[in-house]
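Step one of this worksheet: look at the structure below.
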Amino acid sequence: MYNRKDAFYRKAKKEGYKSRAAYKLTELNKKYALYNPNSRVLDAGCSPGGWSQIVLETVKKQPVVGVDLIQVEGMGHPNFHFVLGDLTDNEVLLRVLAVCPEFDTVLSDAAPNTSGTKLLDHVNSCDLVKIIFDFTKKVLRKNGNFCFKLFDGEDTQELLKAVRKCFSMVKVIRPSATRKSSFEIYVVCKGYTGEKE
Ligand SMILES: C[S@@+](CC[C@H](N)C(=O)[O-])C[C@H]1O[C@@H](n2cnc3c(N)ncnc32)[C@H](O)[C@@H]1O
């Protein structure tokens, strides 16, 4: 069992962030410059909104589009556009593209509900990442950046192989705000080389 109210949880509450995940993105962006003030950013699996809050501290004028199955409350930012829906649904893709036809950065902290069985959670996470990767190929501009979460496991290398074909740089990271007990990893992909599908 992890301590839900650990130091990052308390820090997020104190500093007004909607989730402790906010600190993972802060670290990832500091190290890998995933977005900048001029970036159009898609936040896939954004609820409750911690990553979008962090992005909106940097991106002031360009659209930040969040998608999730669960409503995001109280963002109250004119550049934030929320699309309620399932990333596996093609109609959601069309709604995202209607808000912003192309993105400089796609972020995905999306995760399936966990079962407690590591192999099943890994397989479900891989399936979700593959869908988000396909989604990304439809919306990301050439040379754009992509960062996604994955529950690590035996199919990770095969998935990374597919991703490496489309980006000039791919790195696997475990941010320090990740719980010790978690088997999540983040994959940072820079310089999209592929053409849109
Ligand atoms: C760990 S949370 C994201 C936390 C967020 N980055 C933050 O900082 O507040 C993962 C999210 O992925 C969403 N998600 C999982 N599968 C999804 C799907 N198929 N379509 C849309 N959202 C999905 C879940 O609803 C959940 O809110």
Side-chain angles (χ1 to χ4, degrees), residues 2 4-30 32 34-35 39 41-59 64-77 80-97 99 103 105-116 120-136 138-139 145-152 159 173-179 181-188:
Y2 62 77
R4 186 173 169 270
K5 297 189 176 175
D6 65 8
F8 281 108
Y9 172 90
R10 288 193 299 271
K11 186 169 154 70
K13 222 172 150 50
K14 193 170 154 206
E15 295 178 357
Y17 292 119
K18 290 174 181 289
S19 67
R20 69 197 296 293
Y23 300 107
K24 299 178 197 171
L25 182 60
T26 302
E27 182 178 336
L28 289 166
N29 198 46
K30 209 178 236 175
Y32 296 104
L34 292 165
Y35 56 85
S39 302
V41 179
L42 175 66
D43 184 1
C46 66
S47 190
W51 278 29
S52 288
Q53 280 180 302
I54 292 293
V55 173
L56 288 162
E57 287 177 0
T58 300
V59 177
V64 175
V65 182
V67 181
D68 208 291
L69 296 162
I70 301 167
Q71 186 69 46
V72 169
E73 306 288 350
M75 290 295 285
H77 195 293
F80 182 71
H81 306 266
F82 179 66
V83 174
L84 180 66
D86 191 326
L87 288 154
T88 65
D89 182 350
N90 199 49
E91 190 252 343
V92 167
L93 171 69
L94 298 177
R95 280 161 59 206
V96 167
L97 290 171
V99 178
F103 291 86
T105 303
V106 175
L107 304 172
S108 171
D109 196 25
N113 288 330
T114 48
S115 66
L120 182 61
D121 292 346
H122 165 63
V123 169
N124 289 340
S125 171
C126 282
D127 288 347
L128 184 59
V129 164
K130 282 178 198 158
I131 287 162
I132 293 167
F133 182 34
D134 284 343
F135 196 112
T136 297
K138 291 179 177 120
V139 304
N145 302 325
F146 176 36
C147 175
F148 64 89
K149 173 161 80 184
L150 175 69
F151 294 148
D152 196 13
L159 207 152
I173 325 287
R174 257 182 77 89
S176 44
T178 297
R179 291 190 172 96
S181 58
S182 170
F183 61 108
E184 73 182 17
I185 53 173
Y186 287 83
V187 182
V188 169

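Treat the numbers as computed from the prediction; the structure is a model and nothing was measured. Read the numbers this way: they start at 1 and go in the same order the structure lists the ligands and their atoms.
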Please say whether A22 places an N or O atom under 3.5 Å from an N or O atom belonging to ligand 1.
no

Examine S19 against ligand 1 and note whether any of their N/O atoms are separated by less than 3.5 Å.
yes

Among P112, G45, G85, A110, closest by heavy atom to atom 21 (C) of ligand 1 is G85

Would you mind listing which atoms of ligand 1 come within a distance below 4.0 Å of any non-hydrogen atom of A21?
8 (O)

For atom 20 (N) of ligand 1, find the nearest protein heavy atom and state the residue, atom name and distance (0.1 Å precision).
L87 N, 2.9 Å

Under 3.5 Å donor-acceptor, R179 side chain and D6 backbone
no

Backbone of K13 reached by a side-chain donor or acceptor of K18 within 3.5 Å:
no

Side chain to side chain contact (heavy atoms under 4.5 Å, CB included) with Y35: of V59, V106, N145, only one passes, and it is V59

Just need the protein heavy atom nearest to atom 4 (C) of ligand 1, so name the residue and atom and give the distance.
S47 O, 3.2 Å

If you count the atoms of ligand 1 from 1 in the order shown, which ones are under 4.0 Å from a heavy atom of P48?
9 (O)

Do NZ/NE/NH1/NH2 and the carboxylate oxygens of E15 and R10 come within less than 4.0 Å?
no

Looking at S52 and G49, would you say the former's side chain and the latter's main chain have a donor-acceptor pair under 3.5 Å?
no

Report the residue from D43, V96, T136 that forms a side chain to side chain contact (heavy atoms under 4.5 Å, CB included) with F103.
V96

Residues D109 and Y186: side-chain donor-acceptor under 3.5 angstrom:
yes

In Å, rounded to the nearest 0.5 Å, how long is the span from CG of D89 to CG of L94?
9.0 Å

Does D68 use its side chain to pair, donor to acceptor, with the backbone of S47 at less than 3.5 Å?
yes

For I70, the ligand 1 atoms whose distance to one of its heavy atoms is below 4.0 Å
25 (O)

Atom 6 (N) of ligand 1: which of D109, N124, D89 has the nearest heavy atom?
D109

Atom 15 (C) of ligand 1 has as its nearest protein heavy atom A111 O, 3.1 Å

Taking N or O atoms only and a 3.5 Å limit, does G50 qualify as a polar contact for ligand 1?
yes

Considering only non-hydrogen protein atoms, determine which one is nearest to atom 26 (C) of ligand 1 and report residue, atom name and distance to 0.1 Å.
D68 OD2, 3.5 Å

Atom 23 (C) of ligand 1 - nearest protein heavy atom and its distance
L69 CD1, 3.8 Å

Examine ligand 1 and decide if any of its atoms is less than 4.0 Å from a heavy atom belonging to K149.
yes

Which ligand 1 atoms are under 4.0 Å away from a heavy-atom of C46?
5 (C), 7 (C), 9 (O)

Can you tell which of D86, N113, V55 gets a heavy atom nearest to atom 19 (N) of ligand 1?
D86

Just let me know how L128 lines up against ligand 1, side chain, backbone, both or neither, with a heavy-atom cut-off below 4.0 Å.
side chain

Describe, in one word, how the ring planes of F133 and F146 are oriented to each other, choosing from parallel (under 30°), tilted (30 to 60°) and perpendicular (over 60°).
parallel

Quick one: does L107's side chain get under 4.5 Å of L42's, heavy atoms only?
no

